[in-house]
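Working notes, beginning with the structure itself.
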Amino acid sequence: MTAAQDDRTDAGLAERLAAARERIAAAARAAGRDPAQVRLLLASKRMPVDVVREAVLAGGDLLGENTVQELVAKAPELAPLGAELHLIGHLQSNKVNATLRWAHCVQSVDTLALAERLSRRCVATDRDLDVMVQVNVSGEPSKSGADPEDAAELAAAVAALPRLRLVGFMTIGANTDDEAVVRAGFTRLRDLRDAVVGSGAPGTTTATELSMGMSGDLELAVAEGATIVRLGTAVFGARPAPAPDGPIRGSSGAVARTRVD
Ligand SMILES: *Cc1c(COP(=O)(O)O)cnc(C)c1O
């Protein structure tokens, strides 16, 4: 660590980011995978833009926001730093235009109607968009995502739409301490990905990403083939309180532990 970093009030953030990367790398090695195959996405929901900017400057180049409102509020400061912005929460169809201004990828596509709307808008504005199909592998009613039974068909339909590039699949692991249940959900997403990529349907060969695993279950997800893990609390949650004149963080512990927004 350099003296400049030592002087920063947010030096702890860089350390937690490094520790999170090491945790991911250890999980990859334990699974016999190359750590370079797993990207870290910082799930920065409800974190003030100043904090998120520090994380980007510390090397966090992939960010996910849960709401279009937060995406639009933070992106003007974060996009110029070179961060790649993904939407990882539910997208209402009336917020498609705002999303497209900033999002490189929408990971939360779970209906054909939403995908069609994104596609039409991309056609109208002459641009491409990466998308993932979000799948509710646990079946928990509180979670967004397509039914696993319907997801392959949905993915094929999405992949065929103009200007959308289907890059993979996203899920939120089951909210339980039963590791076998959590892991089975991740296995299911991987099997789905393999089936879709191997289907030969137009536009599906690019659908290789598996966005799965969060602070509490990343090891299981990496063992099952995650290519992107989305971390909030592991990077942002346990840091020391901000300086008195710093940003008001609110109850980050309670908020960040919420698994679904
Ligand atoms: C909050 C959130 C995360 C990160 O959760 P942590 O448990 O804080 O790591 C990842 N993905 C989604 C969709 C989230 O809402």
Side-chain angles (χ1 to χ4, degrees), residues 41 43 64-68 86-96 99-100 103-123 128-176 178 180-214 217 220-221 223-230 259-261:
L41 176 146
E65 283 295 346
N66 278 71
T67 66
V68 177
H86 290 199
L87 187 71
I88 60 172
H90 181 66
L91 171 54
Q92 289 171 276
S93 55
N94 65 347
K95 300 210 168 116
V96 158
T99 301
L100 285 173
H104 176 84
C105 177
V106 175
Q107 296 196 6
S108 46
V109 171
D110 59 358
T111 66
L112 187 56
L114 174 60
E116 285 172 341
R117 200 158 177 136
L118 287 165
S119 171
R120 279 198 299 274
R121 188 64 197 163
C122 285
V123 169
D128 299 314
L129 178 72
D130 286 358
V131 295
M132 296 187 197
V133 166
Q134 181 177 353
V135 184
N136 185 358
V137 293
S138 69
E140 288 163 20
S142 61
K143 290 193 167 86
S144 305
D147 188 313
E149 297 291 331
D150 307 330
E153 196 182 334
L154 173 61
V158 170
L161 290 173
R163 305 309 296 252
L164 297 191
R165 183 165 167 266
L166 182 70
V167 296
F169 297 85
M170 186 269 258
T171 198
I172 298 170
N175 190 9
T176 169
D178 187 338
V181 171
V182 177
R183 189 160 177 161
F186 295 149
T187 309
R188 183 143 201 200
L189 197 72
R190 190 192 60 205
D191 288 347
L192 174 69
R193 188 267 322 259
D194 291 348
V196 169
V197 171
S199 69
T204 54
T205 54
T206 52
T208 53
E209 302 274 7
L210 289 174
S211 174
M212 57 189 197
M214 309 186 350
D217 57 19
L220 298 173
E224 290 301 322
T227 63
I228 295 176
V229 296
R230 308 179 309 268
R259 293 180 62 95
V260 185
D261 260 10

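Remember, it's a predicted structure, so these values are computed and weren't measured experimentally.
- Under the side-chain hydrogen bond (donor to acceptor under 3.5 Å, both in side chains) criterion, Q134 pairs with no residue, sequence neighbours left out.
- The closest donor-acceptor contact from the side chain of T99 to the backbone of K95 lies under 3.5 Å.
- Under the 4.5 Å side-chain criterion, counting only non-hydrogen atoms from C-beta, L112 is in contact with L161.
- For R163, the salt bridge (Lys or Arg N to Asp or Glu O under 4.0 Å) test picks out D126, D128, with sequence neighbours left out.
- Listed for the E140 side chain is a donor-acceptor partner under 3.5 Å among the backbone atoms of N175.
- In terms of modelled atom types and a separation under 3.5 Å, the side chain of T227 and the main chain of L210 share a donor-acceptor contact.
- Without hydrogens or angle criteria, S138 side chain to G173 main chain gives no donor-acceptor distance under 3.5 Å.
- In this structure a side-chain-to-backbone donor-acceptor pair under 3.5 Å is missing from D191 to R188.
- Atoms CZ and CE, on R230 and M212 in that order, are 10.0 Å from each other to the nearest 0.5 Å.
- S211 places no side-chain N or O within 3.5 Å of a backbone atom of M170 that could act as its donor or acceptor partner.
- Every residue meeting the salt bridge (Lys or Arg N to Asp or Glu O under 4.0 Å) condition with E224, not counting sequence neighbours, appears here in chain and number order: R183, R190.
- Under the 4.5 Å side-chain criterion, counting only non-hydrogen atoms from C-beta, V96 is in contact with L114.
- Rounded to the nearest 0.5 Å, atoms CD (E149) and CG (L192) are 10.5 Å apart.
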